[in-house]
Each structure stands twice: as C-alpha cells, then as structure tokens.
2 protein chains.
Amino acid sequence: MTTGYFPPDRPALTVDVVIFRLREGQLETLLIRRAALPYKGRWAIPGGFVRADESLDAAARRELLEETGIKDVFLEQLYTFGDPRRDPRGRVVTVAYFALITAAQPPPHAGDDAAEARWHTMPSLPELAFDHKQILAYALRRLRYKLEYTAVGFELLSDEFTLAELQAAYEIILDEPLDKRNFRRRLLEANVIEETGKYRSGQVGPRAQLYRYRTDAVAEVKARRLFP
Amino acid sequence: MTTGYFPPDRPALTVDVVIFRLREGQLETLLIRRAALPYKGRWAIPGGFVRADESLDAAARRELLEETGIKDVFLEQLYTFGDPRRDPRGRVVTVAYFALITAAQPPPHAGDDAAEARWHTMPSLPELAFDHKQILAYALRRLRYKLEYTAVGFELLSDEFTLAELQAAYEIILDEPLDKRNFRRRLLEANVIEETGKYRSGQVGPRAQLYRYRTDAVAEVKARRLFP
DNA sequence: TCCTAATAGTGTGTATCTGACACGATTATA
DNA sequence: TATAATCGTGTCAGATACACACTATTAGGA
C-alpha cells in the first residue's frame, strides 16, 4: 500500500457529474456536446480533470458550477470507472458523481470544452461518448434505489411543495403509479415533512397545502425503508 | 469531461482492499505493518498502485492475491477517497474495495512493502496510517448494510454450512442476537439456500443439516430485504 | 453403560404493517 | 353559474413480523 516508490506513469483523473432534474413530468439529465476529439460532436456527461489541490467532491462541485452555474445542491459520489480502454487517448480514470437539482435553476451555459449544453429527457438519450451510457444507467439505478430507501426525492423539488407534486416526482422516477392515500400516510408517518401553513392555489380545484422537508429528520429516515 | 488538454501533474492512484473474515466468533480484518515512510511501523489496509494497463477491479484482485494468496472471492468497490492531504508524500487518490473471504484460507504473507501482515479483531484496532481508519469504518458500515439487504453473509462461510453457523455469522456482524426460529424461517422462505443432504456431526447434540448457497438465486435475493 | 449437557429442529398466536379502495368539498375557468 | 379538475380523508382485510419453549438427539465423561 503506497510504498516509497511512486509510479511515473499515472492515469489521468477526471470527475463526471450526472445531473438530474424533474421538469414537466419528465426526468431530465444535462449533457454537453463535445467540441473536441475524441468523440467530437457526441453527447457526454459533463466533467473534467481533478485539479492538483482539490478534493474529489470539490472537483465535482466545481464542474457542476461551471456547467450549470448552480451550487449547494445534492451531490454524491457514485462509482469510479477505470477500465484501461475507456478513453482512446490513454488511461483516464473517472470518479462519477450524481447531482439532483430543482427545475427552477438558471439555464446551462456551455463551457470551453463543450459546443453546447442541453437537457435531455430520460430514458431516451442520444449515443454517448466514452462509457457514459454505462455511467448514466448506473446513476439512474442509484437514484431509484435511493428514492425507495431515503428521502432524497425532495432534492428535485423546490423548498416548498405539495404532496401531489412530491408523489408525481416519485411516480416519474420509479416509473409506476402510487396510491395517493397510502403515499400521504407513509410520508406523514415517516415524519420527514412538515406543513408550512401556506397554500398553493392557481390550479382548478381546492388549494393544496404546502410542505417543507424537515432537515432535522434526515438521519432518521435513512434508516427505514420508505416504500417497501 | 476530458477535453483535448491533458494535465501534466496527475495524482497517483492506488487501490486499498479491506479484507474481512470471520473466525472463532469474531470479525477480523487483515492489516499490514508499513515497512517504509511515511507512517513507517503503523498498521494499514493492504493496497498498492494501479498499473497502467489494469482495471481497478483487476488491481484490487491483484493486491488481494499478493497479500493473502487467494482469489475468486467476493470483492466490491467501496468508495474513492481523494482528499489532497490524505498522503503526506503528495496527491494520492485511492479507490477502496472490500473483500470477504472464508476463514479456511492460507495465512497471509507480508509483501515487499509490508514488514508484517496480521489479522486484527474488529472493532478494536490499532492506530492506522493515512485515512485508513475512515476507510475501514466505511467498509464495516457497508458490510452491515449489505448483510441486511442481500445474501452476502455466505461469502464469509465455507461452501457448506449449518444454519447455526450462518446465524452466528449474522449475529457477529450485526452485533445483535437473532431469534433462531425466525432466522431459519426467513432464510428458508427467501429461497437462497438448499440442503446438501449431508450433516455435520462431532459436537454434542444432534447432527446439523448442511446447507449450501443457491447461486442461481442471487439476483432474486438482492431485490428483497432479508431482515426487515 | 448410563447420565449429563449441549445442540438441532420445530409451530402458534398476536400485533403490526401493507395495500386496495371512493367520495365530498373546493376553486379556477369557461 | 355550471363544469371540470384537484385536494384531502379512513377503513378493512390480508400479509408480515415478532415473541416465545419444548422434545429429540448425540458426544463425552462418570
């Protein structure tokens, strides 16, 4: 384990950040179109090299900021992909992250290395560069998994939301209908949300109560399965 | 996302493999005593540099083989640790793995870079080098977690085992007593083990039926929580 | 050979949790 | 003012989880 010897030929190290959001009833992910070879013109997950003095988390957060202009969002390490042939230019190991953001965020702006940045609707995506198809599939699996066991769904909604909005989010991601009464019961019993006292009106029908996520309840929820 | 520019100063990349086994009613992990600076004389998780042409999994498997002489065991990527100051020599990013092996394996032999290799009983461990305490804590958490949700417990036992042995393994790792009748019922209902028709005798008392893990049932189990 | 002590194996009843299911009240809009 | 959408609410039946104790078997020692 890390002897006195230090290897001269080291792999390059990147972070790639799969960014998800929910918009108009669809799950979307941000992709950039590559401006340079290899895979020039292909869509890819945003990412970039880890700098010498920054942690992996910091690198991921920086990439996210550069690509979308946003910060302070849910960001979690996903998996590290290191197949020796995953990049035709040479050895590049990438630490994949995934981020969840709300739809009410500024539009993405393409960075130097991207010809274009655009939101794509899951799961129908264009061909991706490198092994990014695999990385995205892994991220989606993890998102679904986390949604069932933790309260991560809130990260995709704005601070205040109605139970109908939350249920819709779960249904979109899990891709199955949920019973309204059971959904409400479970979520309220899980004690992770609280009423704000405010209402959302504007749509046809009665006003909907707005809820917010109880930040002090995070740890508690992670322990129990939310939707068995 | 990996532009045409390739950074000159790259972090070194290692894999560290947390190895667990169960022996005499205790959970043990293999540590090596460092022969070189930094942290010379301190205990550390076995690991080493990733070679230019090998995948991360291959590197982890190689390290495991070098340290313990064994192969074909459960091995899974854990997390990648990349704090810029985790190694005093410079930037070293490590991809941590964890492995589960059976107690009936050849003894470890110290590699070039290790003065000594020894099994240590969890959770009382000596001071560790680098951020290895954190890595080990993470590995233990993951082991417990996986045990509750998947059938990974078998990886720590020999091919054929009694239900009492299996229950003991679960109790050691989860660090709580389990009800014998409920344990047996759940495990049999989960359909992940099958009788071998053979018996283990020798101890005082009736002979115990030997079971084996049904490899064709892996996927199925992973889906449902084993011990809710 | 017999006695003792350890271990294997087995079932039930109760409490809790899960899942299916329908309707009246409210409000924006036409 | 009529219409259509949406909010919010409770019960019951079936499934699941948990607590719990005894008999039969065998090794080993008296």
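Quick note on labels: first sequence line is chain A, next is B, and so on, each numbered from 1.
- For the OP1/OP2 pair of D:dC18 and a distance below 4.0 Å, the side-chain nitrogens and oxygens of B:Arg186 include at least one atom meeting the criterion.
- In this pair, A:Tyr213 and A:Phe154 present their aromatic rings parallel. The plane angle is below 30°, not in the 30 to 60° band.
- Candidate nucleotides D:dC18, D:dC7, C:dT10 were compared by shortest atom distance to the side chain of A:Ala208, and D:dC7 ranks first.
- Of all nucleotides listed (D:dA24, D:dA19, D:dT9), D:dA24 comes nearest to the side chain of B:Pro206.
- Distance, A:Leu163 CG to D:dC7 P: 9 Å, rounded to whole Å.
- Every pair passing salt bridge (Lys or Arg N to Asp or Glu O under 4.0 Å) that includes a residue from residues 162-181 of chain A is listed here, sequence neighbours excluded: A:Glu165-A:Arg200.
- Judged by closest nucleotide on DNA chain D, A:Leu210 is the one of A:Arg185 and A:Leu210 placed further toward the 5' end.
- The distance between atom NZ of B:Lys180 and atom C1' of C:dT10, rounded to the nearest whole Å, is 9 Å.
- For B:Asn182 against D:dA17, a side-chain-to-base donor-acceptor contact under 3.5 Å is absent.
- Taking the six-membered ring where the residue is Trp, B:Phe98 and B:Phe74 present perpendicular rings, their angle passing 60° and hence far from 30°.
- Counting heavy atoms from C-beta on, the side chains of B:Thr68 and B:Val73 never come closer than 4.5 Å.
- Summarising the geometry, the separation between OH on A:Tyr199 and C1' on C:dA28 is reported as 18 Å, rounded to the nearest angstrom.
- Two residues, A:Arg181 and A:Gly202, neighbour DNA chain C, and the one matched to the more 5' nucleotide by heavy-atom proximity is A:Arg181.
- At whole-Å resolution of the value, CZ in A:Arg200 and C1' in C:dT26 are 17 Å apart.
- Between B:Arg207 and the phosphate of C:dT7, there is no side-chain N or O to OP1/OP2 separation shorter than 4.0 Å.
- For B:Asp179 and C:dG11, the CG to C1' distance is 12 Å, given to the nearest whole Å.
- Between B:Tyr79 and B:Tyr138, the ring-plane angle classifies as tilted under the 30° and 60° cut-offs.
- Taking the side chain of A:Ala164 as heavy atoms from C-beta on, and the options D:dC7, C:dT7, D:dC18, the nearest nucleotide is D:dC7.
- Atom CG in A:Leu187 sits about 16 Å away from atom C1' in D:dC7, given to the nearest Å.
- Distance, B:Phe183 CZ to D:dC20 C1': 18 Å, rounded to whole Å.
- When the C1' atom of C:dA5 is taken as reference, atom CD of B:Gln203 falls 13 Å away, rounded to whole Å.
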